[in-house]
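What follows is a set of notes on a single structure, which appears directly below.
Indexing begins at 1, ligand by ligand and atom by atom, following the structure's order.
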Amino acid sequence: MRILVTGGAGFIGSHLIDRLMEAGHEVLCLDNFYTGHKRNVLKWLDHPYFELIRHDITEPIRLEVDQIYHLACPASPVHYQYNPVKTIKTNVIGTLNMLGLAKRIKARFFLASTSEVYGDPEVHPQPEDYRGNVNCTGIRSCYDEGKRVAETLAFDYHRQNKVDIRVARIFNTYGPRMLENDGRVVSNFIVQALRGDPLTVYGDGSQTRSFCYVSDLVEGFIRLMNSDYIGPVNLGNPGEYTILELAQVIQNMINPDAELVFKPLPQDDPKQRQPDITRAKTYLDWEPTIPLKEGLKLTIEDFRERLS
Ligand code: NAD
Ligand code: UDP
Ligand code: UDP
C-alpha cells in the first residue's frame, strides 16, 4: 500500500514509519519540521519506497495514497503553547485539509487524537463515552479543543462524505527519539538525571499519568487502522503513577543522588489520567506489553547515547 504519515518526522510518526517500511509499504512522510527532525527518518532517505515531503498541513496539498495516518501537531505543552494560534490552525485547518484529501482520493483516514479531550477528568479511569471536562479558555485549550474539533471534523466527514475514518485517543507515550528539549515529563526527568541536574517536579507531584511505551502504541495504531472499528478508541497503558513516583523511579535507575526540586504546577494541569482500554481489548485484541521500567531502560539508553 501507499501510506501517508503526517508528522512522520516526529517522535511517534517516525516509529510508525519504521514499522510500515519494514512491512514493505510505500511511505510518504509529510512534515514541516517544527518539532520533528530529518534524522528521525534518516535511515529511509535513500530507500526507493520512501519519500520525504516538507510541507505545512495548514496549506492544501494533492497526493495519491491508500491510507493516511494523520499525526501532524506538536504534542508537548511547551511546544503547543509556544504559538497557540498555530496549534489551532494545525488541528482545525490542517485536519480539514487532510480530510479533504482523504475524501478526494478515497483513502482511509486515521486521526491521532488524545486523552486531552477528557481535560481534567472527573471520571476515573476514562472510558471513551466520557465527554470530558475541558476549559475552553485556558492555556491548554489550543490543543485540547483543537483535537476535539479534529475529532468532530473526522466524524462529520464520515457521516457527510463517507470518509473511512479511524480515531485513536492516545495517552502519554514515551520512548527513544523524544527531543532532549521536548519538555514532557519522561524526557525532562531522564535528561535532568543524566546531566546531574535536579529533577523538576511540578506541584507536589501527586498528579497521576499512565505511560505507554512507543512500540506498544504503534502496534495499536496498525491494528486500529486495519480493523473495521472506527473508534474513538483509547490507546494507552493503564499502569498509573504519580509524577513523584515517576521521578523516584528515574532517580533510582540513573542517579540515586539526583535532587528533586518542586516547581509551580502549570494552569489546568490534569490531576489524574488513566485509560480504560476495554474497547481496544475487545475490538483490536490489543493491550500494552512493555512495563514502565523496561520501557524506561530502553529510553534511558537512547538518551545516554545522544547526550554523550
Ligand atoms: P511530535 O511533536 O514529536 O510530532 C509531531 C510532528 O508533527 C512533528 O514532526 C512536527 O514537526 C509535525 N508538525 C507539527 N505541526 C505541523 C504542521 N502544521 N504541518 C506539518 N507537520 C507538522 O509529537 P508526537 O509525540 O510524535 O505526537 C504525534 C501525534 O500524536 C500528535 O498528533 C499528538 O497530538 C498525538 N499524541 C501524542 C501523545 C504522546 O504522548 N506522545 C499523546 C497524545 C496524542
Ligand atoms: N484539500 C486538499 N487536498 C485535496 C483535496 C482537498 O488539501 O486533495 C483541501 C481543500 O483545499 C480544502 C479542504 O481540503 O481546503 C477541504 O476539502 P473539501 O473538498 O472537503 O472542501 P471544499 O474544498 O469543497 O471546501
Ligand atoms: N511535569 C513535571 N515536571 C516536568 C514536566 C512535567 O512534574 O519537568 C508534570 C506535568 O505538570 C504533568 C505531568 O508531569 O502533571 C505530565 O506532563 P507532560 O507535559 O509530560 O504531559 P501532559 O501534562 O500533557 O500529560
R140 to Y143, cation-pi by 6.0 Å centre distance and 45° axis angle: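 Here R140 fails the 6.0 Å and 45° test against Y143.
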
Work out which heavy atom in L179 is nearest to a heavy atom in S187; give both atom names and the distance.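 Residues L179 and S187, closest heavy atoms: O-CB, 3.9 Å.
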
Please report the shortest heavy-atom distance between P125 and D276, naming the atom on each side.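 Where P125 meets D276 most closely, the heavy atoms are CB-N, 4.1 Å.
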
Check for me whether [X] has a heavy atom closer than 4.0 Å to any atom of ligand 3.
| X | result |
| --- | --- |
| R273 | yes |
| K263 | no |
| S76 | no |

K103 heavy atoms, cut-off 4.0 Å: which ligand 2 atoms fall inside?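 Every atom of ligand 2 under 4.0 Å from some heavy atom of K103: 18 (P), 19 (O), 20 (O).
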
Atoms in ligand 2 with a heavy atom of L96 nearer than 4.0 Å: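 Those atoms are 13 (C), 14 (O), 16 (C).
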
Is there a polar contact between ligand 3 and V185, counting only N or O atoms under 3.5 Å apart?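 Yes: some nitrogen or oxygen of V185 is under 3.5 Å from one in ligand 3.
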
Do any nitrogen or oxygen atoms of Q192 lie less than 3.5 angstrom from nitrogen or oxygen atoms of ligand 3?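 Between Q192 and ligand 3, no N or O pair is found under 3.5 Å apart.
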
Only heavy atoms of [X], strictly under 4.0 Å: list the atoms of ligand 3 that pass.
| X | answer |
| --- | --- |
| N188 | 4 (C), 5 (C), 8 (O) |
| V201 | 7 (O) |
| R140 | 22 (P), 23 (O), 24 (O) |
| I243 | 7 (O), 13 (C), 14 (O) |
| E116 | 24 (O) |
| Q207 | 9 (C), 11 (O), 15 (O) |
| R184 | 19 (O), 20 (O) |
| P77 | 19 (O), 24 (O) |

Fit a plane to each ring of Y130 and Y118, take the angle between them on a 0 to 90° scale, and name the class: parallel (under 30°), tilted (30 to 60°) or perpendicular (over 60°).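 Parallel, since the angle between the ring planes stays under 30°.
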
Geometric class of the Y283/Y229 ring pair [parallel <30°, tilted 30-60°, perpendicular >60°]: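 Judged by the thresholds at 30° and 60°, the geometry between Y229 and Y283 is parallel.
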
Looking only at protein heavy atoms, which one is nearest to [atom], and how far off is it?
| atom | value |
| --- | --- |
| atom 13 (C) of ligand 2 | N97 OD1, 3.5 Å |
| atom 5 (C) of ligand 3 | Y202 CE1, 3.3 Å |
| atom 10 (C) of ligand 3 | D269 OD2, 3.4 Å |
| atom 20 (O) of ligand 2 | Y157 OH, 2.6 Å |
| atom 17 (O) of ligand 2 | G100 CA, 3.5 Å |
| atom 8 (O) of ligand 2 | R104 NE, 2.6 Å |
| atom 21 (O) of ligand 3 | N172 ND2, 3.5 Å |

Pairs under 3.5 angstrom, nitrogen or oxygen on both sides, ligand 1 versus protein: list them out, please.
| residue | atom | partner | partner atom | Å |
| --- | --- | --- | --- | --- |
| ligand 1 | 2 (O) | T35 | OG1 | 2.6 |
| ligand 1 | 3 (O) | F11 | N | 2.9 |
| ligand 1 | 7 (O) | C73 | N | 3.4 |
| ligand 1 | 9 (O) | G10 | N | 3.1 |
| ligand 1 | 9 (O) | D31 | OD1 | 3.1 |
| ligand 1 | 9 (O) | D31 | OD2 | 2.5 |
| ligand 1 | 9 (O) | G36 | N | 3.2 |
| ligand 1 | 11 (O) | D31 | OD1 | 2.6 |
| ligand 1 | 11 (O) | N32 | OD1 | 3.4 |
| ligand 1 | 11 (O) | Y34 | N | 2.9 |
| ligand 1 | 11 (O) | T35 | N | 3.0 |
| ligand 1 | 11 (O) | G36 | N | 3.0 |
| ligand 1 | 13 (N) | N32 | OD1 | 3.3 |
| ligand 1 | 18 (N) | D56 | OD1 | 3.1 |
| ligand 1 | 18 (N) | T90 | OG1 | 3.1 |
| ligand 1 | 19 (N) | I57 | N | 3.1 |
| ligand 1 | 21 (N) | N32 | N | 3.2 |
| ligand 1 | 21 (N) | N32 | OD1 | 3.2 |
| ligand 1 | 25 (O) | R184 | NH1 | 3.1 |
| ligand 1 | 25 (O) | R184 | NH2 | 3.1 |
| ligand 1 | 26 (O) | F11 | N | 3.4 |
| ligand 1 | 26 (O) | I12 | N | 2.8 |
| ligand 1 | 32 (O) | L71 | O | 2.7 |
| ligand 1 | 32 (O) | K147 | NZ | 2.8 |
| ligand 1 | 34 (O) | Y143 | OH | 2.6 |
| ligand 1 | 34 (O) | K147 | NZ | 3.0 |
| ligand 1 | 40 (O) | T173 | N | 2.8 |
| ligand 1 | 41 (N) | R184 | NH1 | 2.8 |

Checking [X] side chain against [Y] main chain: does a donor-acceptor pair fall under 3.5 Å?
| X | Y | value |
| --- | --- | --- |
| W44 | Y49 | no |
| R108 | D164 | no |
| E26 | F50 | no |

Give a yes or no on whether a salt bridge exists between [X] and [Y], defined as a side-chain N under 4.0 angstrom from a carboxylate O.
| X | Y | value |
| --- | --- | --- |
| R104 | E64 | yes |
| K43 | D18 | yes |
| E122 | R131 | no |
| R273 | E240 | no |

Is atom 23 (O) of ligand 2 less than 4.0 angstrom from at least one protein heavy atom?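 Protein heavy atoms within 4.0 Å of atom 23 (O) of ligand 2 - there are none.
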
Could any protein non-hydrogen atom be found less than 4.0 Å from atom 3 (N) of ligand 2?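 True for atom 3 (N) of ligand 2.
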
Step by step, work out the side chain to side chain donor-acceptor pair (under 3.5 Å) result for T137 and N135. CA-CA 6 Å; T137 58; N135 174 1; 3.1 Å; yes

Is the distance between the ring centroids of H70 and F109 less than 6.0 Å?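 Between F109 and H70, which both carry aromatic rings, the centre distance is below 6.0 Å.
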
Sub-6.0 Å ring centroid separation between H37 and F33: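 Judged by ring-centre distance (under 6.0 Å), H37 and F33 do not meet the cut-off.
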
Pick out which of S115, P121, P275 makes a side chain to side chain contact (heavy atoms under 4.5 Å, CB included) with Q126.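 The option that passes is P121.
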
Verdict with reasoning, K147 to E151, per salt bridge (Lys or Arg N to Asp or Glu O under 4.0 Å): CA-CA 6 Å; K147 288 283 185 181; E151 286 200 19; over 6 Å; no

Which one of V163, T95, I61, I57 has a non-hydrogen atom at the shortest distance from atom 7 (O) of ligand 2?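 Among V163, T95, I61, I57, the closest heavy atom to atom 7 (O) of ligand 2 comes from I61.
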
If we set the cut-off at 4.0 Å for heavy atoms, which region of T200 has an atom near ligand 3: side chain, backbone, both, or neither?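 Both parts.
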
Check whether more than 12 heavy atoms from other residues, nucleotides or ligands sit under 6.0 Å from atom CD of E22, and answer yes or no.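 For E22, atom CD is crowded (more than 12 foreign heavy atoms under 6.0 Å).
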
Between R177 and S14, does any side-chain donor sit less than 3.5 Å from a side-chain acceptor?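 R177 vs S14: donor-acceptor pair found between side chains.
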
